[in-house]
Amino acid sequence: MEESAQVKVNSGAAEQLPGRLLSRGFFEVSPEEVAPRLLGKVLAHAVDGEVLAGRIVEVEAYLGPHHQPPDPAAHSYRGATPRNQVLFGPAGHAYVYSIYGRYFCMNISCEVEGRAGCVLLRALEPVAGVEQMARNRGLPPYGRRPVPSPQRVKITRWGPRVRGDPGLAAGAVARELTSGPSRLCQAMGLTRAAHNGCDLVDPASLLQVRDDGYSVGEVLVTPRIGIHEAIDWPLRFAQRGNECVSGARNQRE
DNA sequence: AGGCCGATCCTCT
DNA sequence: GAGGATCGGCCTA
């Protein structure tokens, strides 16, 4: 076992989290099944006495090497390595890896222990801790970046807020906070060092996936983004029409 | 020991 | 729409 971040709740932070924790069994099946069911669930991170949370609106499934045919785009394709070993462990754990030297992406492990497979989180709709997310992303009014203005759509529709959450920071836009696999990690404050291996269905965990009863409407199914193998497999799932889904061009069927 | 490259993001044209 | 940043991990020799 290499590093396995087990950050535990030491305050009453977990009690503030919306909804209920998912069960391990939810994740102990094929990523193809888990991915669409994950839409609408809430990723919640208790950090520095505050809760950052976002509703999952876009995901991709990556299949384990036991699958026929095997998925050449998956990190688990060539078997377990120090980097990807979380994928071969028990379901419901965070697999956080670094990419391009500067970013992180977060997946959730699926299948029973011994079998790999995961769901990549590609976009969230901010639900709580939005001002801190803006700071984490270096966006106005906290950052210095001048505000250019490609199509900025203010989010007007919010999910349940955590008590005391001030809402979206003026100048920042929900899309820019969590619309993209690395953007959402940055906004949520997720890193490989701190969160790889974190158990997302442990009530004592600082990082959890929860169900607050929200149900997504129509689900958009498309090929996965940014890969070079198995480019036409329909394993990307998104909430149709949600402004926080990444890339306007990616909204097509 | 060295080379290659990525499940990305941002900026500029 | 294209290219650069930037580095850990994995593969080959």
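In what follows, every heavy atom counts, from backbone to side chain, and hydrogens, waters and symmetry copies are set aside.
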Whole angstroms only, please: what is the [atom1]-[atom2] distance between [X] and [N]?
{"X": "A/Arg78", "N": "B/dC5", "atom1": "CZ", "atom2": "C1'", "result": "12 Å"}
{"X": "A/Ile99", "N": "B/dA7", "atom1": "CD1", "atom2": "P", "result": "5 Å"}
{"X": "A/Arg83", "N": "C/dC7", "atom1": "CZ", "atom2": "C1'", "result": "12 Å"}
{"X": "A/Leu139", "N": "B/dC9", "atom1": "CG", "atom2": "C1'", "result": "12 Å"}
{"X": "A/Asn84", "N": "B/dG6", "atom1": "CG", "atom2": "P", "result": "17 Å"}
{"X": "A/Phe104", "N": "C/dA5", "atom1": "CZ", "atom2": "P", "result": "20 Å"}
{"X": "A/Glu176", "N": "B/dT11", "atom1": "CD", "atom2": "C1'", "result": "14 Å"}
{"X": "A/Asn196", "N": "C/dG9", "atom1": "CG", "atom2": "P", "result": "10 Å"}

Does a side-chain N or O of [X] approach OP1 or OP2 of [N] to a distance below 4.0 Å, or not?
{"X": "A/Arg192", "N": "C/dG8", "value": "no"}
{"X": "A/Thr81", "N": "C/dG9", "value": "no"}
{"X": "A/Arg102", "N": "C/dG4", "value": "no"}

Got A/Ser109 and A/Tyr95 here, is their nearest side-chain heavy-atom distance under 4.5 Å?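 Side-chain contact under 4.5 Å: no.
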With sugar-phosphate meaning primed atoms plus P, OP1 and OP2, does A/Arg137 contact a base, only sugar-phosphate, or nothing at under 4.0 Å between heavy atoms?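 Sugar-phosphate contact only.
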Is it true that A/His45 and A/Gln208 share a donor-acceptor pair across their side chains at a distance under 3.5 Å?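 The answer is no; no qualifying pair exists.
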Do we count A/Tyr100 as stacking onto C/dA5 if the rule is ring centres under 5.5 Å and planes under 30°?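 Ring-base stacking flag not set for A/Tyr100 and C/dA5.
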Which residues pass the side chain to side chain contact (heavy atoms under 4.5 Å, CB included) test with A/Cys185, not counting sequence neighbours?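 If we apply the side chain to side chain contact (heavy atoms under 4.5 Å, CB included) test to A/Cys185, skipping adjacent residues, the hits are A/Phe104, A/Met106, A/Leu190.
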When you measure from the centre of the six-membered ring of A/Tyr97, is the NZ or CZ of A/Arg192 under 6.0 Å away and within 45° of the axis?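 Negative - A/Arg192 is either too far from the ring of A/Tyr97 or too far off its axis.
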Geometric cation-pi criterion, A/Arg55 with A/Tyr214: 6.0 Å, 45°: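 Cation-pi check for A/Arg55 and A/Tyr214: passes.
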Could you give the distance separating B/dG2 and C/dT6 at their P atoms, to the nearest angstrom?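 C/dT6 and B/dG2 have their P atoms separated by 22 Å.
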With a 6.0 Å cut-off (strictly less than), is the heavy-atom count around CG of A/Asp48, excluding the residue itself, greater than 12?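 Count not over threshold, so no.
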Nearest of C/dC10, B/dC9, C/dG8 to any side-chain atom of A/Ser98?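 It is C/dG8.
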Choosing from B/dC10, B/dA7, C/dC10, which nucleotide comes nearest the side chain of A/Pro82?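 The closest nucleotide is C/dC10.
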Closest-nucleotide mapping onto DNA chain B: is A/Gln186 or A/Ile227 further toward the 5' terminus? I mean the 5' end.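 It is A/Ile227, whose closest nucleotide lies nearer the 5' terminus.
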Apply salt bridge (Lys or Arg N to Asp or Glu O under 4.0 Å) to A/Glu229 and list each qualifying residue two or more places apart in sequence or on a separate chain.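 Partners of A/Glu229 under the salt bridge (Lys or Arg N to Asp or Glu O under 4.0 Å) test: none.
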Can you list every stem that DNA chain C is part of, counting only runs of 3 or more consecutive Watson-Crick or G-U wobble pairs with both distances under 3.5 Å?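 Runs of three or more consecutive pairs: B:1-6 with C:7-12, B:8-12 with C:1-5.
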